[in-house]
Amino acid sequence: MLTESEPHFRQPLLKTPFHERARALSQVDSFVAWSGYSTVDVFTTVEQEYFAIRNSTSVYDLTPMVKYRIVGAGALRFLNRLMTRDMRNLAPGKVAYSVWCDDSGHLIDDGTVFCLAVNEYRLCTAERQLDWLCASAIGFDVEIAEVTEEVAALALQGPTSCALLQALGFDGVERLKPFELRQFAMPPAALPVMVSRTGFTGDLGYELWMQPADAEGVWDALMEAGRTRGIRPIGSRALNIARIEAGFLLPNLDFISAGHTLRIGTERSPLELGLGWLVDFGKGHFTGRRALLEEQRRGPARLLVGLDIEGNKPAHNTLLYADRAGMKQVGSVTSATWSPTTKRNLALAMLDAPHFAMGAAVWAEIYLNRELTWQRRMARARVVERPFYAPARRRATPPADF
Amino acid sequence: MRGGRAAGVRLAGGEEIKARVVVSNLDVRRTFLETVAPKHLPPEFLAQVRRFKIRGSSGKLNIALDGLPHFPAIPHGSPCTRGDMHVTDTIDMLERAYDDWKEGRWSRAPYIDMLIPSQIDPTMAPNGKHYMSVFVQYCPYKLADGEWTPQKRQAFGDTVIDTIARHSPDFKDLILHAEIRTPHEIEAEVGLTEGNIFQGELTFDQLLFNRPIPGYAQYRAPVRGMYMCGASTHPGGGVMGAPGANAASAILRDLRLAQST
Amino acid sequence: MTAAGTPRYDCIVVGGGHNGLVCAAYLARGGRSVLVLEAAGQVGGAAVTREFAPGFQVSACAHLLHLMPGALMRELGLSAQGLKLAAQHLPTTALSGDGAHLSLAPAGLAQRLPADAVAYGEWQALGQRLAAALHPVLTDAPPRLGTGSWRARASLLRLGWRIRRLGRCDMRELLRIGGMNVQDLLDERFESPLLKGALAVDAVLGTNLGPRSPGTVLTLLYRMAAAGGAEALAQPAGGLGALSTALAGAATAAGAQIRTQAPVARILVSADRASGVVLASGEEIAADVVVSSADPKTTFLGLLGSEHLDAGFTRRVAQLRTGGLAAKLHLALERLPQFPDLDRQALRGRLLIAPSPQYIERAFNHAKYGEFSAAPMLEITVPTLADPTLAPPGKHVLSAIVQYAPYSLRSGWQAQRQSFTDLAIDTIGAFAPDLRDCLHSAQLLTPPDIEREFRIAGGHWHHAELALDQFFLVRPVPGAAQYQGPVAGLYLCGAGCHPGGGVMGVAGRNAARQVLREAA
Ligand SMILES: Cc1cc2nc3c(=O)[nH]c(=O)nc-3n(C[C@H](O)[C@H](O)[C@H](O)COP(=O)(O)OP(=O)(O)OC[C@H]3O[C@@H](n4cnc5c(N)ncnc54)[C@H](O)[C@@H]3O)c2cc1C
Ligand SMILES: Cc1cc2nc3c(=O)[nH]c(=O)nc-3n(C[C@H](O)[C@H](O)[C@H](O)COP(=O)(O)OP(=O)(O)OC[C@H]3O[C@@H](n4cnc5c(N)ncnc54)[C@H](O)[C@@H]3O)c2cc1C
């Protein structure tokens, strides 16, 4: 709202319903802008927060995820023509990860589709997509509305997350399988909370969706119940390490939406991003299908792969070469991290054909900062399987108790 | 002119100044209809100069203000008042404003583009006072109902002031002085023919290789030793400098060539 | 026919408008089995003759024939199919409020406006030279850019060469005026407002443009190029419907089958290829190729459906500007009204009420704001003078195109129909004082009527606005500019394609060639 006391031009970023709670717990006052909201980058230290994801329970404010409500008699047909994936077997209570493309088969965005009821869906995306969704709705009996501000969301991720929810009275949450969702009434006040077994960490975890008015109540209850289960609020930096370990892509790091690229040739197709498993050519027409078929026929010119790099210095902004001398560039790193759990130096990288073959070796040009003295290292890197880290507990149903 | 090529200029005062090259910054109509005798120019070129479209369409108000006007639609303290403020309610409004120009009258609901630069540069006005620069469209050079008169000019200015006052209730009370400029004054004072702000309309037929005249888009006049460098030439008007820079390189190229031969 | 007896065709043509019929005729002559499916009870689309009052017939949309290439008419043997022209080389007369009407015939002009007559002669000569260079562009599929295909490159090179070969002078003039508005062009060349008004009509007739709108020299050049430079207005005996009947005859003679009252409900797709159609009756008919002469919006969004198309393409089609502005007025007249200052020869021809470009521009102003013109522009013919068979003996028909009558009238056509009809009649009546006394009855077709009765989305003369962004390489939209949409086996052949509307038949012929070349 525009008010004289708090004019929008002085506070251009919105606050999520968890903002006051988060600010109270922030030790280093490190906030970043995310989709028009101010969110926490780091609460305490990245390492502490990262280990909450892998060893106990982490809480991450997901509210800025852009959310759309998609309803109408043609909603399923609309989604099936929008998405590269077959949406027809997405039943109520199920969630699917998918991507969508423009006419040229270039990726516009990825996101998760929540089937709330027959022909009623919620789409969560990283970036605003209303324009494209409306273009895609021409000819379909469907209504689309952005509901980002109407839904508050928290990601609860980590090995103790299920036990924590059970302790809070989310009865039966342990039976929720990956990519399932269910409505709960959280005791004692029976706050309506939708829980989906989804996440961006590759670990056991849930996402909680609620009305903004209930947000602080849910937060407080989680914190209280989580005290004995090592609960810790986390910021985006810790999450980024976990998502790389899990092999997930992040827009604007691993790809740029075809809706935003300015230079020709910087768009990426799902086939190039290693998301071919999401593209279902047999399900009927979807936007970009003809272009993707043609691309498939030609074979990919480049591919996003996982790299295991020697040493322990993350390969940020690194160019990749076929040879140690660095004469022939064959790609570049898009995301990199030292992985504390696997104790490997990991990266996601875009490599030209044929260097992306599994097991192929390339050289990474890494710059080391030794007390402001820069050194260049050519490090051996190998194309390896993704995800880099995939604990069995991420899929186990029911999860182990804590 | 001497020996079929430009040899210099004669000032209005009669003084003659010789030069190897004469470059005109004037618009193409002024240049060839007023400073070069027609006998030196190919007739078909002259015909094209005469039909060069240079109709004025904009007016300007320079307003001295006793203080900063208040715009209720803009929150107090917003940086928006420091920037460019437009009155452009709807596309239809702009279109109707243009309909008026087509009929040879100033827009009854004009499009306005205004700045209060003294907010950023206080030296432009006495302490505590402000200067407002108001660009207005549309205002024709020729009125359908006869010549421009001081009364009509004032009426045009009042239309503009009323339009701004619709968005700023205290605006009128703050006005110390308003200088009203129709295309007529712009022509007389700035030397832009018909007050056309771009020294010639930026339409397809007067752009790129057609600017200013098809076949003469390389800054060279049909007279040897004479060049054009104003907004009449490619790429056109606006405070841009590109026509001047392009013309200079064409001239330097020609001079080098002349030297080497 | 397949063994089971279900018919299967090489090609189905959706819509039996004149372009559909031309396309069918060429496909059949190319050895294809062809079925034309027309929703209406008669073929011809917007080129039909209909009874609009008991005993009175009129060319219901298009009323003058002037764009169809002679070569096409000869190739299809239309005169052997019974086509006769009741009148040819009809004169154009610009009506003037003061009775000093102006005939655009050279003799008339020279007498009245000596300076303009010379300028007009020069303009026509230039027009013919430009038209000769550009005409071939209309008669072939536009090249597809960015494919690197040699065909496309050669085609572009040919275009460049044709323009270059005009010579320095004409080439420069073409490149200068091509993007101009027609008012500026006319102001450069002519003095007489009456003459300028009449010439501006040709630039804006059927379009959502006024004389000052950018692109109106393009539409004028288009009209000149389509007519091959020398525009000869003709009136088929029996109205434009007789032309369509002859085209149908030519198609049938070549082996095509035509079914009327067979509205297509959907175009079938299997394995990402057009595979036939379903009629509104539920009947399915299979074919290897489906060619649609319906407008692009109807074809892609209505008959095919966005489900088979990419979203970006669908959006481009949905955004096509298709709102029509031309209404049609038909008057059944008990006797011939008196036009005091007009001789009989002029009355047989084309009469224009557009006394100046400014008059047209003002008429257009209203259309921009969803109103109809307070003083509309009209193109009038009295076809019964050359062809008395259209009305009962001694009686007459007046057929007029009235602009501007926007498709989306803010106050709604329901409420305004009568007042616009009266306005149009009175506008003509100003030149024929006894018009109302002669009036038996009147029919007005507004763009929504045309949409409904002729199945043209928006009721637009050209199916889709003829403007730079919907022209040539990108007509109707990028991705479908070569008569073929994104779904294999589905082609377009109507006015929405290059080169555009008017009773010309070129889109139909170009499309047929494309089908024969690609879907061999
Ligand atoms: C009201 C108005 C507002 C504008 N607003 C903007 C704006 O906000 N931003 C922008 O980028 N552009 C704006 N413009 C356009 C821009 O000012 C002009 O296009 C640009 O200044 C033209 O520059 P020029 O050097 O080509 O010609 P000019 O500036 O016209 O220079 C020609 C010079 O030649 C002189 N001259 C004429 N005849 C003779 C002669 N016989 N002998 C000697 N000297 C002669 C003139 O006095 C003049 O100094 C505006 C123009 C107007 C009129
Ligand atoms: C008021 C007006 C006056 C005009 N005057 C002139 C003039 O004087 N001279 C001139 O040259 N041009 C004139 N035109 C333009 C000209 O009439 C059209 O551009 C031309 O007739 C279009 O021909 P077409 O074959 O491409 O399409 P259409 O004639 O529109 O034919 C399309 C056909 O498809 C059919 N159809 C549509 N949907 C289906 C379906 N689902 N199933 C089966 N069939 C279907 C329609 O019924 C129609 O018969 C005028 C246009 C208008 C609107």
Side-chain angles (χ1 to χ4, degrees), chain A residues 70 72-84 86-88 99-109 129-142 144 257-259 264-265 267 269 279-298, chain C residues 144-149 264-275 290 292 294-322 457-458 464 474 476-482 484-491 518-519:
Chain A
I70 296 171
L76 172 58
R77 287 175 52 223
F78 159 80
L79 277 175
N80 208 44
R81 165 1 180 74
L82 173 73
M83 299 289 182
T84 58
D86 195 345
M87 290 286 135
R88 288 170 303 179
V99 298
W100 54 101
C101 297
D102 65 9
D103 294 17
S104 322
H106 293 133
L107 196 74
I108 291 186
D109 206 346
Q129 297 292 348
L130 197 57
D131 178 57
W132 185 253
L133 297 181
C134 288
S136 300
I138 297 169
F140 294 91
D141 179 7
V142 61
I144 301 164
S257 165
I264 295 171
E267 318 91 344
S269 85
V279 180
D280 186 343
F281 289 114
K283 68 158 185 162
H285 186 69
F286 58 88
T287 298
R289 179 178 182 273
R290 296 184 188 107
L292 288 170
L293 264 179
E294 176 59 21
E295 184 185 328
Q296 194 188 44
R297 199 188 53 74
R298 281 196 318 264
Chain C
R144 187 173 186 140
L145 297 187
T147 58
S149 108
V264 171
R266 246 177 334 114
I267 293 169
L268 292 172
V269 177
S270 63
D272 207 22
R273 246 202 95 86
S275 60
V290 176
S292 173
D295 66 88
K297 266 189 194 164
T298 300
T299 302
F300 288 122
L301 306 184
L303 301 179
L304 183 65
S306 356
E307 226 161 329
H308 299 292
L309 296 166
D310 289 346
F313 181 86
T314 309
R315 173 160 58 185
R316 288 202 290 277
V317 174
Q319 284 174 338
L320 274 172
R321 295 190 307 289
T322 54
V474 291
V477 293
Q482 288 74 34
Q484 192 179 2
V487 175
L490 175 61
Y491 292 78
E518 290 184 2

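Computed from a predicted model, the values in this text were never measured in an experiment. Proteins come first, then strands; the chains are lettered A, B, ... in the order of their sequence lines, and each starts at number 1.
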Exercise. Looking at side-chain heavy atoms only, is the closest gap between His285(A) and Val487(C) below 4.5 Å?
Worked result: no
Exercise. Quick one: does Arg315(C)'s side chain get under 4.5 Å of Asp131(A)'s, heavy atoms only?
Worked result: yes
Seminar exercise, completed: Sequence neighbours excluded, the answer for side chain to side chain contact (heavy atoms under 4.5 Å, CB included) partners of Val474(C) is Pro478(C)
For this session: Against chain A, work out which of Val317(C), Leu309(C), Leu301(C) has the most heavy-atom pairs shorter than 4.5 Å and name it.
Result: Leu309(C)
For this session: State which residues pass side chain to side chain contact (heavy atoms under 4.5 Å, CB included) with Arg77(A); sequence neighbours excluded, sorted by chain then number.
Result: Phe140(A), Glu307(C)
Problem set entry | Donor-acceptor contact below 3.5 Å, side chain Ser136(A) vs main chain Ala311(C) | no
Exercise. Say you draw a straight line from CG of Asp310(C) to CZ of Arg290(A); how long is it, rounded to the nearest 0.5 Å?
Worked result: 6.0 Å
Problem set entry | Engaged part of Asp103(A) at the chain C interface, taking heavy atoms whose separation is under 4.5 Å | both
Problem set entry | Under 4.5 Å from a heavy atom of chain C, the part of Phe78(A) involved | neither
